[in-house]
Amino acid sequence: MSFLQNSRVLITGANRGIGLEWTRQLAGPAGRLFATCRRPDEADQLQEIADSHPDTVDILPLDVAEPDAIQATAEQVNGQVDALDLLVNNAGINGGGKQDRFEGIDQKTMTDVFQVNAAGPHLMTKAFADLLRAGTAEQGATDGHAAVVNITSQLGSIANAQSDTWHSYRASKAALNMCVRLQAAALRDDGVVAVALHPGWVQTDMGGSEARLSPEESVEGMMEVTRNLSLDDTGRFLNHDGDELPW
Ligand SMILES: NC(=O)c1ccc[n+]([C@@H]2O[C@H](COP(=O)([O-])OP(=O)(O)OC[C@H]3O[C@@H](n4cnc5c(N)ncnc54)[C@H](OP(=O)(O)O)[C@@H]3O)[C@@H](O)[C@H]2O)c1
C-alpha cells in the first residue's frame, strides 16, 4: 500500500505523543490530514504543524469518548472529502498504569478506559466506514486499499498477561484487539484493511522517559508497516517493526 503519499488521513489524539508524531510525519506527504484532539486551543505543537501545512492539515475538535462528537466529526469530514484512505485510532488513556492492581480496580476507571481505548476506536471505525469504503473504491484501479490502524498495546496480549498491573488498560486493549478482528471481518469484503498495531515502548507522557523508542522511531516503523499493508494483513496484531504479536 503506497498510499501515504497524497492520502486522506484522520488521526485521533493528534496533539501530543505518538499521535502528534504521526501528524508531523504525515503532514508533508499526505494530501489531506484531519488531526483531531480534545482541545485544539491548547494544542500549540499541533497548531505549529498546521500553520506550516495550511493546505493539508485541518485541526478538528474530537473527544473519542463522545459518540455524538464522533458522528458529528464524520459528517464534517464527509462534507470536505469524498473518501478517506487511512484512519489512525491512536487516542488512549492508561487508567492508572502500573498502580492499577487487582485490589484497586474500580468501576469508573474501568468504564472510562474501555470507553476511550476500545469503544472509541470501534465507533470511529463504524462512523468512518463509508468514507473508507470509498477510499478503497477509488484506489481499486491501483490495487490499493483504505486502512484502519488501531494503536493497541502488547499489554493487551492475553497470551503474555502475567503481572498484577495495568488492569483496566490491559483489558481495554484486549477488547480493542477483539474489535480489530471484528472490524476486519465486517470490512474485508469491501476491501478495507483493519489492523492492531503496537507502537513499542515509546517516550511519551504515557510511556515515560525510560522508554526504548523515540516517537520518531516508533512512527517511522509504523508508517512503514502501514505502507506495506495488503488485504492479506487484515485482522493481524503487529509490532511497530512488522513482526506478528501473540493474541
Ligand atoms: N507510549 C507507549 O509506550 C505506548 C505503548 C503501547 C501503546 N501505546 C498507545 O499509543 C497510543 C498513544 O499513546 P501515547 O504514548 O502517545 O500517550 P500520551 O502521550 O498519553 O497521549 C495520549 C493521547 O490520547 C489523547 N486522548 C486521551 N483521551 C482522549 C479522548 N477521550 N479523546 C480524544 N483524545 C484522547 C490525549 O489527548 P489529551 O491531551 O486531550 O489528553 C493524547 O493526545 C495510545 O493508544 C496508547 O495506548 C503507547
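Source: prediction; values computed, not measured. Atoms within each ligand, like the ligands themselves, are counted from 1 in listed order.
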Practice task
Please report the C-alpha distance between D51 and Q47 in whole Å, then the side-chain angles of each, then the deciding distance to 0.1 Å, and finally whether the side-chain hydrogen bond (donor to acceptor under 3.5 Å, both in side chains) criterion is met.
Solution key: CA-CA 6 Å; D51 289 347; Q47 294 283 358; over 6 Å; no

Problem - Linked, directly or transitively: V195 and L132 (ILVMFWY side chains, under 4.5 Å) - result: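 No; tracing contacts between hydrophobic side chains, which count when under 4.5 Å, never links both residues.
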
Give yes or no for whether the N/O distance cutoff of 3.5 Å, strictly under, is met between [X] and ligand 1.
X    : value
A14  : no
N90  : yes
I18  : yes
V64  : yes
S153 : no
V202 : yes

Does a side-chain heavy-atom distance below 4.5 Å link [X] with [Y]?
X    : Y    : value
F34  : Q80  : yes
H122 : N150 : no
W247 : R181 : yes

Measure the distances from the heavy atoms of [X] to every atom of ligand 1 and state whether one is below 4.0 angstrom.
X    : answer
L62  : yes
E66  : no
T152 : yes
C37  : no
A43  : no

Handout entry: Closest protein heavy atom to atom 41 (O) of ligand 1, given as residue, atom name and distance to 0.1 Å
Key =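 For atom 41 (O) of ligand 1, the nearest protein heavy atom is R38 NH2, 2.7 Å.
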
Select one of side chain, backbone, both or neither to describe which atoms of [X] lie under 4.0 Å from any atom of ligand 1, heavy atoms only.
X    : value
P199 : side chain
R39  : side chain
L155 : neither
D205 : both
H198 : side chain

Practice task
Say whether Q154 and S157, considering side chains only, have a donor N or O and an acceptor N or O under 3.5 Å apart.
Solution key: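 No - no donor-acceptor pair under 3.5 Å links their side chains.
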
Practice task
May I ask you to check whether D190 and T136 show a side-chain donor-acceptor distance below 3.5 Å?
Solution key: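 Side-chain D/A pair, D190 to T136: absent.
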
Practice task
Nearest heavy atom to atom 43 (O) of ligand 1 wins, so pick from L176, D112, N15.
Solution key: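 Nearest option to atom 43 (O) of ligand 1, by heavy atoms: N15.
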
